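Convention: sequence-line order gives letters A, B, ...; per-chain numbering from 1. Computed from a predicted structure; not experimentally measured.
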Number of protein chains: 2
Amino acid sequence: MTTIYDVSKLAGVSAKTVSRVLNEPDRVKTATREQVLAAMKTLDYSPNASARQLRLGGFSSIGLLLEDPASGYQSRFHQALLTACMEAGKYMTVELFEGVMPDWQARVDRFLTEGRVRDLILLPTLCDFTPLKDLLRERGARAVLIAPSVHDPHFPSVVMDDRAAARQIIEYLFSLGHTRIGHITGHPDHSATILRRSGVIEAYDARGLPRPKPELFASGDFMFKKGIEAAETLLSLPEPPTAIFAANDETAAAVAMVAHRRGLSIPGDLSVVGFDDAPIASAVWPQLTTIAQPYLEMARKVVHLVDTWDQQSTQSGFVSTYLTPHELVVRESSGPVLKG
Amino acid sequence: MTTIYDVSKLAGVSAKTVSRVLNEPDRVKTATREQVLAAMKTLDYSPNASARQLRLGGFSSIGLLLEDPASGYQSRFHQALLTACMEAGKYMTVELFEGVMPDWQARVDRFLTEGRVRDLILLPTLCDFTPLKDLLRERGARAVLIAPSVHDPHFPSVVMDDRAAARQIIEYLFSLGHTRIGHITGHPDHSATILRRSGVIEAYDARGLPRPKPELFASGDFMFKKGIEAAETLLSLPEPPTAIFAANDETAAAVAMVAHRRGLSIPGDLSVVGFDDAPIASAVWPQLTTIAQPYLEMARKVVHLVDTWDQQSTQSGFVSTYLTPHELVVRESSGPVLKG
DNA sequence: ATAACAAATGTCATCGATGTCATAATGCGG
DNA sequence: CCGCATTATGACATCGATGACATTTGTTAT
């Protein structure tokens with residue numbers, strides 16, 4: 001590493017002058033400045049950001065731990081958080097994280113030190129990964145969670161009521177006359193999976209209907225591929241459902257594909273509804289009825305929580321939880337049951 | 001900001017001891033350690049990463065400038081780069097960047113200093129944005145480009161031969177008997193758009209066929225929505241094409257949707273091919289024939305170029321360009337022309 | 001030519017944490 | 001209770017850059 005002193009020596013000036021060339025070029029005589037610039041080029045000098053920041057007062061970026069950046073859900077939050085950070089003039093540093101990695105603790109430590117990160121954001125499913133949260137508390141790190149309606153007593157969080165949303169979409173299907181409704185569940189490790197599933201059951205209970213038979217629940221994992229298998233299973237039932245509620249839009253897109261392959265028309269023969277309002281929900285034919293979450297709003301709230309951490313946690317001694325609203329978006333993939 | 005000295009004062013020990021509690025807890029008597037930990041908790045102390053790194057030797061994260069994180073293309077590279085960085089033990093900090101922002105220069109400066117970034121990665125279309133590249137050279141920043149086969153004399157780059165790939169996919173359609181082939185172009189600002197378009201023409205020329213009539217070129221912008229309009233235009237022609245080559249998969253998905261709406265079967269009535277092998281290419285029905293790029297390989301190469309910047313640029317005085325291979329992936333959306 | 005002032009450059013201390021080395025506290029065998 | 005080996009702790013310098021202030025150089029008016 002070449003330092004400002006190396007440059008100053010080569011250019012025959014003091015370090016301070018080199019510093020000025022970088023920060024207040026006008027205060028340096030043109031001839032000198034050019035010498036310094038030449039020296040910098042020769043040595044391929046680039047200033048040490050740590051030193052600069054130490055002097056100028058620290059800035060730290062917000063850290064995001066991502067389990068699977070290819071997952072649509074995480075990638076959408078990732079994007080929303082980027083936007084929110086930009087709006088707030090902050091930077092975000094991303095680390096891939098998998099709880100199965102044997103050295104995850106060391107990796108988190110490294111992230112907190114080398115990654116120059118003080119505040120972390122955890123998305124599902126990391127927001128449910130207790131060993132990680134314990135480690136963070138031990139290290140005194142700050143974290144904000146984005147979670148499916150599970151309140152964590154130690155970290156502020158932004159949550160969405162997955163159960164209520166699932167219930168709402170099932171009630172919508174009821175209103176169209178559907179009574180045999182299949183549900184493809186999400187990944188078993190996500191707490192959202194349980195919540196959405198129980199939202200379904202809640203809807204039946206609330207309406208006084210008998211709970212759906214077990215074969216109407218097919219297990220998925222939020223991924224397109226597994227969605228295909230699940231859809232095949234449901235549509236091969238002796239008495240197939242007239243509507244399928246997939247735990248997310250990728251899965252719903254898979255259902256649509258399987259239905260097409262089987263010559264079923266949507267929503268004529270089968271209504272398909274998803275969850276998340278992912279881009280794919282508008283990019284498949286027919287476009288999917290789904291539940292929209294206000295990603296950007298949630299991201300903004302998270303950044304705000306990070307920003308105001310001091311006042312919050314230190315002063316009040318309790319953590320805040322924000323419940324964000326959701327919305328049913330009706331598109332082309334759902335319709336009334338055809339008589340007959 | 002509380003420092004290590006504040007903690008040491010409160011705990012009644014020296015700063016060095018506090019430091020030890022953090023870095024080599026075993027070398028501190030249990031009683032002392034607990035006092036120190038208590039003081040840290042009371043003061044909500046978190047160590048200053050800049051100072052630590054200054055002492056320990058600098059680490060700097062790689063910066064990625066993203067124009068539009070929602071763009072499938074950029075988001076795929078984003079993900080691939082994250083993976084490659086993780087493999088290489090590096091961190092990546094992301095900044096949203098738009099050339100239209102009036103203060104983009106100041107933003108870049110801030111990113112290079114506050115963002116603690118020394119090396120930058122530029123994707124299309126930023127890799128073509130000359131004012132930015134000029135600024136980076138002036139600042140002595142290091143950048144590596146991911147670009148569509150345009151060699152930049154100042155920065156190392158990883159490129160893909162878009163023209164050849166486009167030519168290849170058209171030749172494949174020729175081999176299926178198609179001669180009226182529509183092309184939906186990409187965003188006019190992307191150099192890839194011109195390259196893919198000229199690859200199309202090259203294929204006709206090479207085969208000694210007359211070049212396609214202008215109405216067979218519809219203008220798109222790589223986005224699903226514009227793709228719908230373009231597809232409507234092409235399919236409304238008096239003599240509609242038997243195949244459509246969309247400049248990317250999102251657009252191809254739009255073509256498929258429009259075709260379905262019009263009751264056309266794919267690939268019976270219309271062959272549809274895309275470009276990129278995006279996730280959506282496998283998530284629509286029928287799955288799309290497309291061109292696959294080795295994203296992860298490219299990302300690894302980029303990280304490697306960043307890593308070896310010193311040896312490369314300083315010593316040899318010229319920049320390296322890596323051409324990466326592409327591959328035609330044949331799926332369900334393309335088939336022979338039906339006689340008749 | 002010189003005082004008076006502005007411009008250009010340099011010296012030194014500092015940001016917060018840790019390495020080096022010195023010193024103080026403790027333990028243990030005799 | 002002493003001497004010596006450990007263990008625990010502290011004082012000080014250091015990382016690379018910049019702020020405050022000092023000093024040198026250059027310019028202008030008289």
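- Atom C1' of nucleotide dG10(C) and atom NZ of Lys9(A) are separated by 16 Å, given to the nearest angstrom.
- In this model, the phosphate group of dG10(D) is approached by a side-chain N or O of Thr17(B) to a distance below 4.0 Å at OP1 or OP2.
- Here the CZ-OG distance, from Arg55(B) to Ser50(A), works out to 13.0 Å after rounding to the nearest 0.5 Å.
- Residue Thr3(A) places no side-chain N or O under 4.0 Å from the OP1 or OP2 atom of dG16(D).
- Between Tyr5(A) and the phosphate of dT18(D), there is no side-chain N or O to OP1/OP2 separation shorter than 4.0 Å.
- Counting distance only, with no hydrogens placed and no angle test, the side-chain atoms of Arg20(A) and the base atoms of dG10(C) include a donor-acceptor pair under 3.5 Å.
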Mind running ring pair (Phe, Tyr, Trp, His ring centres under 6.0 Å) on Tyr73(B) and Phe222(B) for me, showing each step along the way? CA-CA 9 Å; Tyr73(B) 182 81; Phe222(B) 289 132; 7.6 Å; no
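- Counting to the nearest Å, the P atom of dA20(D) and the CD atom of Glu24(A) are 10 Å from each other.
- Taking atom CG of residue Leu56(A) and atom P of nucleotide dC15(D), one finds them 19 Å apart after rounding to whole Å.
- Nucleic acid contact class of Lys16(A) (heavy atoms, under 4.0 Å, all strands): base.
- Spacing between atom NZ of Lys29(A) and atom P of dT24(D) amounts to 16 Å, rounded to whole angstrom units.
- Between dT9(D) and Thr32(B), a contact under 4.0 Å exists linking OP1 or OP2 to a side-chain N or O.
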Are Phe77(B) and Tyr295(B) close enough, and set up right, to give a ring pair (Phe, Tyr, Trp, His ring centres under 6.0 Å), and what steps lead you there? CA-CA 6 Å; Phe77(B) 264 116; Tyr295(B) 293 106; 5.0 Å; yes
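- At the phosphate of dG16(D), neither OP1 nor OP2 sits under 4.0 Å from any side-chain N or O atom of Arg55(A).
- Aromatic ring orientation, Trp104(B) versus Phe97(B): perpendicular (interplanar angle above 60°, classes split at 30° and 60°).
- Between the CG atom of Asn23(B) and the C1' atom of dT18(C) there is a distance of 7 Å, rounded to whole Å.
- Atom pair Leu54(B):CG and dA17(C):C1' shows a separation of 8 Å (rounding to whole Å applied).
- Atom CZ in Arg33(B) sits roughly 12 Å away from atom C1' in dA8(D) (whole-Å rounding).
- The side chain to side chain contact (heavy atoms under 4.5 Å, CB included) test with Leu66(B) singles out one residue from Ile121(B), Val94(B), Leu122(B), and that residue is Val94(B).
- In this structure, the CZ atom of Arg52(A) is 18 Å from the C1' atom of dG16(C), given to the nearest Å.
- Counting non-hydrogen atoms under 4.0 angstrom, Val28(B) reaches the backbone sugars and phosphates but no base.
- OP1 or OP2 of dT9(C) has not a single side-chain nitrogen or oxygen of Arg27(A) nearer than 4.0 Å.
- Across all strands shown, Val13(B) has heavy atoms under 4.0 Å from sugar-phosphate atoms exclusively, and none from any base.
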